[in-house]
Each structure stands twice: as C-alpha cells, then as structure tokens.
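Note that this is a predicted model, so its numbers are computed, not measured.
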Amino acid sequence: MASTYLTRSKSSPTSDKKGTISFWFKRSKITAEQVIIVSGSGSIDSNIYLNGSTDKLHVYDYQSGAFSFQYITTRVFRDTSAWTHLTVEIDTTLSTAADRVKIYINGVRETAFDTSTAPSQNATPLFFTSANPFYIGAYRGSSSYFDGLLSHFHYTDGYAYGASTFGSTDTNGQWKINTSPSITMGTNGFTILKDGNTITDQSANSNNWTLGGGTLTKTEDCP
C-alpha cells in the first residue's frame, strides 16, 4: 500500500462518543511517517499513525487548536518481519479518565507512554462524527502513505470492545487472531481486508470503501 489508500464517508453515527478500531499490521518500511487511519478535514482530525523519526505509535484527536486526547507510545515499532495487532477502545462517557481511551498491542493493554492525555468526559472524537471522511493508508489520500500490509480491519460505531474480542493467547503464549469476532457494528461499522484484499465491507452494513492512488496486491502473508 505504499502509494495506495482507501476512503469512505460516514453517516450519522450510532454514537459520537464511543467505538472501536482493531486491525493487524505489518510494516515494510521504517523511519517514515505512515498513517494507518485518519478522519478529518481542514485543521482537525483523529489519527493513528507511526512517527517517521521515532517509529512510535501516535493515537490522537485534534480539534479547536488543541489535542482533545493524545497518546504516544514509549515502545517503538521497527519489526518488519512480524504482524502486530492493535486495538483502540474508546468510550468518552466513562467517569474514569484513564479508561476513556484504551490501547492494546497484541492483546496487552499499553501502559507506557511518552505522552498520555485523556479526553474530557463525553468528548466527541472525529473518528466517530459524521462530518469528516475516513482514510486508511494515507494522510487524507495525499501523503504519509502506509508502506506494509493491513489485515482484518474492524471498526465499530457505538460499541467499545477490548482486544480479547479480536484475539486470544494460545498455549505457547502467542497472541492469535479471532477471524470471526462477535461484535455489534453500529451504523458506520465495517470489516474490510478480511479475506484477501477485498475492500467490500464484510459485515452486514455494506459500508464499502473506495480505492485511490494505485492498486491493492493480494498476498498469502496474513496474521
């Protein structure tokens, strides 16, 4: 997906305060800023990306000239040989600020951050609002292309799920994929890149995506 991206618009959400983003990724290139998913327009956006100078994961929502939440991991992501599973569980209605955004790497909740700024209660991240389109694999279809593989990309609107919904640890202590998680999608929810390279929504919602900037290449390399 080095110069390829996906995009789709959103409709009125089930909830603009909670939801889940879960996917597997495998990098082909490091030391380059790479966006995995972003939703925004103008000077505002919600974003999950890998920093080009540090190879650390950034998860944020930026509105009104400030970060409504921001998380930068202490760990780096430089392994180009292995698949990694990421789950971001968001529910800004919760009373405990530290629980409003939960980030899981290969099933384990991440707790070591260089920056950790929680959202205010009942904040409305742009990941969930209808006004701003989604882009996967590039910053709004024009830069910071993701160079690597993505698989089993799930998004739920109005329903917050932890990593255990999407995987489990086997007897050898390895985090393994759940290829058919039991989830309620919500209005804008989708499942794509599940079988081969299809960008047709494989949930019941038919929230299909549009391909831009190139072509997708099917590969037998999968999580």
Side-chain angles (χ1 to χ4, degrees), residues 10 13-25 35-40 45-50 56-63 67-75 77 83-130 132 134 136 150-169 175-194 201 203 205 207 223:
K10 289 173 275 177
T14 300
S15 170
D16 58 6
K17 298 175 178 62
K18 69 170 76 173
T20 313
I21 300 169
S22 173
F23 56 86
W24 290 77
F25 70 96
V35 169
I36 297 177
I37 182 169
V38 61
S39 178
D45 53 45
S46 290
N47 199 347
I48 298 175
Y49 77 95
L50 294 155
K56 296 181 179 183
L57 179 73
H58 291 232
V59 179
Y60 74 77
D61 180 74
Y62 185 86
Q63 302 184 48
F67 290 101
S68 63
F69 67 78
Q70 184 184 29
Y71 297 86
I72 302 173
T73 61
T74 300
R75 78 162 72 191
F77 296 83
W83 285 89
T84 300
H85 181 231
L86 176 68
T87 300
V88 180
E89 177 187 1
I90 302 173
D91 185 350
T92 68
T93 69
L94 297 177
S95 58
T96 302
D99 287 339
R100 293 174 193 154
V101 177
K102 300 174 186 175
I103 298 171
Y104 303 85
I105 306 295
N106 291 335
V108 178
R109 184 174 175 181
E110 197 73 5
T111 58
F113 296 98
D114 290 351
T115 298
S116 178
T117 305
S120 60
Q121 191 169 25
N122 295 315
T124 55
L126 298 177
F127 280 134
F128 306 129
T129 58
S130 61
N132 302 285
F134 269 136
I136 290 176
L150 294 170
S151 185
H152 289 75
F153 208 119
H154 303 282
Y155 169 88
T156 66
D157 159 25
Y159 301 88
Y161 296 99
S164 61
T165 298
F166 305 98
S168 60
T169 303
W175 183 249
K176 298 295 185 182
I177 192 171
N178 178 0
T179 57
S180 297
S182 178
I183 51 179
T184 302
M185 306 305 296
T187 302
N188 289 306
F190 63 83
T191 294
I192 60 171
L193 303 174
K194 180 181 176 184
D201 182 14
S203 77
N205 280 353
N207 287 328

Item to check | Listed partners of Tyr104 passing ring pair (Phe, Tyr, Trp, His ring centres under 6.0 Å), at least two apart | outcome: none
Next on the checklist: Restricting to ring pair (Phe, Tyr, Trp, His ring centres under 6.0 Å), what partner residues turn up for His154, sequence neighbours left out?
Outcome noted: Phe166
Item to check | Chi angles and distances behind the side-chain contact (heavy atoms from CB on, under 4.5 Å) call for Gln63, Asp61 | outcome: CA-CA 7 Å; Gln63 302 184 48; Asp61 180 74; 2.7 Å; yes
Item to check | Side-chain (Thr156) to main-chain (Thr20) donor-acceptor, under 3.5 angstrom | outcome: yes
Checklist entry - Phe128 ring centre to Lys18 NZ or CZ under 6.0 Å, with the angle to the axis within 45°? => result no
Checklist entry - Residues in salt bridge (charged side-chain N to carboxylate O under 4.0 Å, His left out) with Lys56, at least two apart? => result Asp114
Checklist entry - Is the closest side-chain heavy-atom distance between Ile36 and Phe153 below 4.5 Å? => result yes
Checklist entry - Residues in salt bridge (charged side-chain N to carboxylate O under 4.0 Å, His left out) with Asp45, at least two apart? => result Arg140
Checklist entry - Of all residues at least two apart in sequence or in a different chain, which pass the ring pair (Phe, Tyr, Trp, His ring centres under 6.0 Å) check with Tyr60? => result Phe67
Checklist entry - Among all residues two or more places apart in sequence or in another chain, which pass the side-chain hydrogen bond (donor to acceptor under 3.5 Å, both in side chains) test with Ser203? => result Asp201
Item to check | side-chain contact (heavy atoms from CB on, under 4.5 Å) partners for Thr179, two or more places apart | outcome: His152, Ile177
Checklist entry - Taking only residues two or more places apart in sequence, or in another chain, which ones meet Leu86 in a side-chain contact (heavy atoms from CB on, under 4.5 Å)? => result Phe23, Phe25, Ile48, Leu57, Val88, Ile103, Ile105
Checklist entry - Sequence neighbours excluded, which residues qualify as ring pair (Phe, Tyr, Trp, His ring centres under 6.0 Å) partners of Tyr161? => result none
Item to check | Test item: Ser46 side-chain N/O and Leu126 main-chain N/O as donor-acceptor pair under 3.5 Å | outcome: yes
Item to check | All side-chain hydrogen bond (donor to acceptor under 3.5 Å, both in side chains) counterparts of Lys102, not counting sequence neighbours | outcome: none
For residues 180-188, which side-chain N or O atoms pair as donor and acceptor with protein atoms under 3.5 Å away, sequence neighbours left out?
| from | atom 1 | to | atom 2 | distance (Å) |
| --- | --- | --- | --- | --- |
| Thr187 | OG1 | Thr14 | OG1 | 3.0 |
| Asn188 | OD1 | Ser11 | N | 2.9 |
| Asn188 | OD1 | Ser11 | OG | 3.1 |
| Asn188 | ND2 | Ser11 | O | 2.9 |

Checklist entry - Quick one: salt bridge (charged side-chain N to carboxylate O under 4.0 Å, His left out) partners of Asp16, sequence neighbours excluded? => result none
